[in-house]
Amino acid sequence: NNNNNNNNNNNNGNNNHHGDTGAADNIPVYERDFEEAFLGESQDFYRMESTSRLSHAASTLGSDDDHAASSSGNNLPNDDGASKPAAKYSAMEYVHRARSRLDEEKTRASLLDLPAQTKSALLRIVETELIERHAKTLVEMEGSGFASILKVVASSPAVGSVAAASAGNRRGAPSVGGTSGTADANGVVIDRDRIADLADVYDLFSRVPSSVNHLRDALGERVRLDGRSLVRDQETGVAPPAAFVKGVLDMRERFAAVVGDAMRGEKKAQKRMREAFEDFLNADARAANCLAVYVDELLRAGLRGADERRVARELDRVIVIFRYLADKDVFEAYYKNHLAKRLLGNKSGSEEAERAMVSLLKAECGYQFTSKLEGMFNDMRISKETAEKYRAHKKQMVNSTVDARDAENGGKPVDVEVSVLSNSHWPSQNVEPCILPTAVRAAMDRFQKYYLTTYTGRKLSWQTSTGSAEIRANLPPAKGSSKPRRHDLSVTTYQMCILVLFNARDSLTLKQIREETHIPEDELRRHLVSLCTPKHRILRKGSKGKGISGDADTFTYNADYTSKMTRVKVPMVSMRDATGSSSGSAAASGGNGGEGSAAAAASSRAGLVDGSSAVPITVEEDRRHLLEAAIVRIMKARKMLNHNDLVAEVTRQLSGRFVPPPQFVKKRVESLIEREYLERDEGDRRVYRYMA
């Protein structure tokens, strides 16, 4: 107090002297005799206080009114008037103390009526000593620093990563206090108390703008660490694709709250968060793949019965993550594949939600990105109209000539529903048609005749790998009953072809079934094993174990098959269980109940494997064509361009779908040179010329 009072007295004396003489003469005296010493003493005081409070040193601190270090020693009276060692502050205690010190200095400067230049210099010194010198320490301080609090916010009460969640439970974070979480509109629990602490740190650091860089760095690093943890969980199978995306969405909600509330929505912090998300999400094609799987589950069942507001909220969250993706063309390929399965299998939970998702993608990426998706919806609408017209046509033809092939179905025509799809809109299914039962072929021939007569100049190519069927199994009466048992089986087209063979024979070998159906080998094994499972043992397999031993393995009609349900949906086993190999296992996860089974295998062959980190083969081919077309288009307009400018322009034009690596661009340029679309300039080999 004596030191501070002396300073005050000096100031008063100086002010009196200032009043006795002219201002122009006394300002140099003030600066020389008081200001320099005053600011120096203040700097020493705050340097000692801040250092001692953030270290284990035994030095002591003065009270709130103490302003400068004592010249007689290190021990100063503490807040209670006694001289005692200083306690080490936690980061948050230090932040609150520093804020109080800054407020005290502002008040004191006003009371003393210090000149503006002195007040400004004094506050700069206090900010430098209390904030700038210790900014990194306050961020990194173990247990209570900005980074530690951020870690608690990111993982409370649970994070999408299973590993991170368990670590958070073990940690408990006692050093930063208990958590008080509140769920946001999306059900994500956010620790508002800890975010308030982060806001206090940011508000203090924002007084020294350069110090805020440490907070942004900590934010970016935390996002990357948590993101990579989620990626590891997905790689190791701890978290399936949809759980991976749910973890990313929850992460984004929490960090958006940190940036929006704690960091006051600062643009640079928003940019740092976006860059961190893009960094781990674009390490490979995994995120684009998993996001498509998540959207598929959401649109199948997650939004079933949801109101318009919830649908919009959930889809908006998806689009936020979609914006981070560099491989938007990979997402499109998987999304289109899943959409085809939903539409053909009638698995969509809400048509409004489906169309809303396509509209959001269109708003983000333009018409070209969604033209095929919209074409798929249009095909399904036209198919429904065609089906209604065909049913009316069949009623008119009820007394027409009977087709002898219907005898296989007891003389009754098979009721067939056909979806007519445009080849250019839907994922290609390069699967040879199987041999269908005679009665089914008769029904298909009748539809084809009607369709080609109604719509001239068209050609129908049947995709038997994507169909489904309802067949009735008439079984012998149970013991003690004279009433035959009946079950309506919901199966795939392939399973229908297999089961109908047992109308003529009770037992067949794998080789015989293959020859009579022409079903692809892996799919044949998978469908046969699915009909021999303990729960749905419609056929009995001769060999032991899950798999099929070989061509001679026998399959026998099971007359004792029974089920509590009259209507039975026969699920599909995974490809791994059926063939004993891992090929295509992810595409045939066994959860689709037989829907699009061979289509899933075709997707696997095209590289469309759910959870895969690789870019699908079909997407790679599309990228080559797109890249070459962009290069030719640019060179045709510019005529001559150097390599770096060409790479930059190509990247700019294609960034809405994917970001081509420079080496990829170089390879496509070399290919175009070989095909004489471009040539190198004779004077500079890095300059290309367009060849008309």
Side-chain angles (χ1 to χ4, degrees), residues 150-151 154-155 159-165 167 216-256 259 270-296 317-335 364-365 586-587 607-620 622-624 626-627 647 650-651 654-667:
L150 195 60
K151 186 176 182 180
S155 60
V159 75
S161 164
V162 176
R216 300 185 196 112
D217 290 343
L219 173 70
E221 185 61 22
R222 184 76 258 154
V223 172
R224 287 183 179 89
L225 288 173
D226 285 359
R228 288 166 187 160
S229 177
L230 288 173
V231 171
R232 282 194 301 273
D233 285 349
Q234 205 283 320
E235 284 177 341
T236 56
V238 175
F244 166 77
V245 175
K246 183 67 167 62
V248 174
L249 289 169
D250 290 354
M251 258 184 67
R252 204 271 170 187
E253 291 288 335
R254 292 190 178 100
F255 285 113
V259 172
Q270 291 177 2
K271 181 182 178 184
R272 190 67 61 89
M273 181 182 74
R274 185 184 72 248
E275 290 171 347
F277 270 96
E278 289 173 351
D279 182 58
F280 80 83
L281 287 174
N282 294 314
D284 51 36
R286 181 188 318 277
N289 178 339
C290 293
L291 184 62
V293 175
Y294 176 81
V295 175
D296 180 55
R317 294 179 75 204
V318 169
I319 291 298
V320 168
I321 304 303
F322 175 76
R323 291 189 186 119
Y324 294 144
L325 300 180
D327 296 320
K328 291 183 172 63
D329 56 345
V330 174
F331 173 85
E332 180 196 13
Y334 280 99
Y335 183 84
E364 286 295 317
C365 302
L608 295 170
V609 179
D610 289 348
S612 171
S613 61
V615 176
I617 299 168
T618 54
V619 175
E620 286 280 14
D622 289 343
R623 285 183 175 185
R624 283 198 293 271
L626 284 170
L627 184 52
V647 171
V650 165
T651 302
L654 296 179
S655 59
R657 292 187 63 82
F658 71 103
V659 178
Q663 282 298 323
F664 188 36
V665 178
K666 186 177 180 181
K667 284 182 180 179

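Contact check for D226 versus K151: no side-chain heavy atoms found under the 4.5 Å cut-off. Between Y324 and V248, the closest side-chain pair of non-hydrogen atoms is not below 4.5 Å. Looking at heavy atoms from C-beta onward, R216 lies out of side-chain contact with K271 at the 4.5 angstrom threshold. Between V231 and F244 there is a side-chain heavy-atom pair separated by less than 4.5 Å. Between R623 and D327 the shortest side-chain heavy-atom distance falls below 4.5 Å. Residues I321 and L281 form a side-chain contact, since some pair of their non-hydrogen atoms from C-beta on lies under 4.5 Å apart. By the 4.5 Å heavy-atom criterion applied to side chains, V330 and F658 are not counted as neighbours.
Rounded to the nearest 0.5 angstrom, R228 CZ and R224 CZ are separated by 6.5 Å. Note that CZ of F322 and OH of Y335 are 10.5 Å apart. Values are rounded to the nearest 0.5 Å. With values rounded to the nearest 0.5 angstrom, M273 atom CE is found 10.5 Å from E278 atom CD. Between C290 atom SG and Q234 atom CD the span is 4.0 Å, to the nearest 0.5 Å. The distance from the CG atom of D622 to the CD atom of E332 is 8.5 Å, given to the nearest 0.5 Å. Taken to the nearest 0.5 Å, the NZ atom of K328 stands 8.0 Å off from the OG atom of S655.
In this structure a side-chain-to-backbone donor-acceptor pair under 3.5 Å is missing from N289 to A285. Side-chain atoms of T651 come within 3.5 Å of backbone N or O of V647 as a donor-acceptor pair.
Centroid-to-centroid, the aromatic rings of Y334 and F331 stay 6.0 Å apart or farther.
Residues V665 and P660 share a closest heavy-atom pair of CG2-CB, 3.9 Å.
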Worked verdict on R286 versus E235 for side chain to side chain contact (heavy atoms under 4.5 Å, CB included): CA-CA 9 Å; R286 181 188 318 277; E235 284 177 341; 3.2 Å; yes

Residues D217, R272; criterion side chain to side chain contact (heavy atoms under 4.5 Å, CB included); working and verdict: CA-CA 8 Å; D217 290 343; R272 190 67 61 89; 2.4 Å; yes

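With salt bridges taken as basic N to acidic carboxylate O contacts below 4.0 Å, one links D250 and R317.
Within the cation-pi definition used here (under 6.0 Å to the ring centroid, within 45° of the axis), K246 does not qualify as a partner of Y294.
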